[in-house]
Amino acid sequence: MTKFSDLKLDPKVLSAVADAGYETPTPIQAGAIPPALEGKDVLGIAQTGTGKTASFTLPMLTLLRRGRARARMPRSLVLCPTRELAAQVAENFDLYAKNTKLTRALLIGGVSFGEQDKLIDKGVDVLIATPGRLLDHFERGKLILTDVKVMVVDEADRMLDMGFIPDIERIFQLTPFTRQTLFFSATMAPEIERITNTFLHAPVRIEVARQATTSENITQKLVEITPARRDQTAKAKRELLRALINAEGETCTNAIVFCNRKVDVDIVAKSLQKYGFDAAPIHGDLDQSQRMRTLDSFRDGSLKVLVASDVAARGLDIPAVSHVFNYDLPMHAEDYVHRIGRTGRAGRKGTAISIAVPQDEKFLSQIESLVKMEIPRAEIPEGFELSEGAQQPARKRDDDKGGRSRGGRGRDRDRGERGGRDRKRETSQAEAVTEAQAEAPQKAEAKPAEPEQRVEAKPEPKQEDDNKSRRSRGGRNRRERDNDVVGMGDHVPDFLTVSFRPSKTEEPAEDSAES
DNA sequence: AAAAAAG
């Protein structure tokens, strides 16, 4: 078995690796580092969580150790699809470059140019960037790319999804033909193939096994419900989500809840907060500093539940998440794998629980054929009061008061209510927001018996106001929502210390009667 | 059908 010490890395880099506690390279590292150190182009086919980042940072630092960057002329370039990913790569560089004098700059959108300009002017060895901001700097004449010796493209498949390929091609053309290229992608779509054929020179191809489509460390579950009425779907799912989190009890130390839409990320996060969960949203419409703050507090454990769009599905290094909840099933089966891959990492056990409604059927079957297994159906947790708003997959359609039944988890999802023609979203954004708002207040009364004071942090009067303003202003009030979302942290009793024993009072009857 | 990224 190779060790890092066998890999001809710079001693200073090696000592940083050792300090970080790593001894044995992962397969992608063992495969990519040696050719990269020889100056060869590398085509790495690997997913997140395989140790990909170190497989280019370590050789780059070694290759760059001699020489010095000139003003505005970075010596290497790392391109990442998202800001968070770029920031994370930057952290990696800091970690492994700590014993060297190499410098780096992070060029991402959403933050001011000033600081970035200053660093570029001083000259940096490593430039880590998202494509848009990089080109922005270039067009302003701030950046000269003719001295780039090494260029890395990270998560190329995602760049493709995001429409970055033209930008990437352009950036390739701005760098010298003689540069060394390290190129990473989880898949080799035809378009990616074309790019690599065009811009890589005799690359060494390293392919590591798909990160088990489903790691056996991850316990997967699927809970199907069939809301009696379409317009109650969202609320029923939120109720169910809370019940599922509660049912996991103390085993749920921290969790990511994935939603397909940004608006739902906000709604769900807000709803969870109203119910006393230590939750915060993250998606691409939130401003960058808030994204960073949220992510930081999630990493350091002060935030327990991260409600996220797919911005967080891939690439982000969030260690040791005990649970992943799919509030929505992802529309791309691939994303399911990425999402649940946020848990069960590094040999730990993880749990991934997904909520499905009848409309999800086709996504579900795609997911199941991708992961090559049927996701075990789980029962609706105790404490989830089955109301008209949410029923288990209907076995009998006319059993319309039969909410209480718990047994049936057959796969007859096509039975349920599916008014095929009406494809549009069941609840408008504005309605949904007010609905989320409305859920909690009733909650407060229903709950005094509960030992934990989770609800007490709730700023009630303010909500009523917001509620009105929201109603009148339709759905376009994200900024406003963001503002009252943050800052509950200190008041909300620790998620961990809460006893999760589900209680029926948790779901007041009014909750489902309303609307 | 949605998210992300340059404003």
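To find a chain, count down the sequence lines: A is the first, B the second, and so on, and within it residues start at 1.
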> Hey, does the side chain of A/D41 reach the backbone of A/H201 with a donor-acceptor pair shorter than 3.5 angstrom?
Replying inline: yes
>> Taking atom CD as the centre, does A/E115 end up with more than 12 heavy-atom neighbours from other residues, nucleotides or ligands that are less than 6.0 angstrom away?
In response: no
>> At less than 4.0 Å, is any side-chain N or O atom of A/T130 found next to OP1 or OP2 of B/dA6? Yes or no.
In response: yes
> For A/H338 and B/dA2, what is the distance between atoms NE2 and C1' respectively, to the nearest whole Å?
Replying inline: 15 Å
> Is the shortest side-chain N/O distance from A/R158 to OP1 or OP2 of B/dA5 below 4.0 Å?
Replying inline: no
> Looking across every strand, which nucleic acid part, if any, lies under 4.0 Å from A/P330 by heavy atom: base, sugar-phosphate, or nothing?
Replying inline: nothing
> Taking OP1 and OP2 of B/dA2, is either one under 4.0 Å from a side-chain nitrogen or oxygen of A/R261?
Replying inline: yes
>> If I take atom CZ in residue A/R339 and atom C1' in nucleotide B/dA3, what distance separates them, rounded to the nearest angstrom?
In response: 10 Å
>> Distance check needed: B/dA5 C1' versus A/D310 CG, whole Å only.
In response: 15 Å
>> Within the 4.0 Å heavy-atom criterion, would you say A/R291 contacts the bases, only the backbone, or no part of the nucleic acid?
In response: sugar-phosphate
>> Could you tell me how far apart A/R133 (CZ) and B/dG7 (C1') are, to the nearest whole angstrom?
In response: 9 Å
>> Rounded to whole Å, how long is the line connecting atom NE2 of A/H137 with atom P of B/dA5?
In response: 15 Å
> Between A/Q220 and A/Y336, do the side chains contain an N or O donor and an N or O acceptor separated by less than 3.5 Å?
Replying inline: yes
> A/L107 CG to B/dA6 C1': how many Å, rounded?
Replying inline: 13 Å
> Under 4.0 angstrom, heavy atoms only, what part of the nucleic acid is A/G163 near: base, sugar-phosphate, or nothing?
Replying inline: nothing
> Reckon A/S309 has a side-chain N or O less than 4.0 Å from the OP1 or OP2 of B/dA4?
Replying inline: yes
> A/M162 has a side chain; which of B/dA1, B/dA5, B/dG7 sits nearest to it?
Replying inline: B/dA5
> Rounded to the nearest Å, what distance is computed from the CD atom of residue A/Q288 to the C1' atom of nucleotide B/dA6?
Replying inline: 13 Å
> Do A/H332 and B/dA1 share a donor-acceptor pair, side chain to base, under 3.5 Å?
Replying inline: yes
>> Can you measure A/D285 atom CG to B/dA3 atom P for me and round it to whole angstrom units?
In response: 8 Å
>> Hydrogens and angles aside, do A/H137 and A/D117 bring a side-chain donor and acceptor to less than 3.5 Å of each other?
In response: yes
> Under the side-chain contact (heavy atoms from CB on, under 4.5 Å) test, which residues partner A/S289, sequence neighbours left out?
Replying inline: A/D287, A/R293
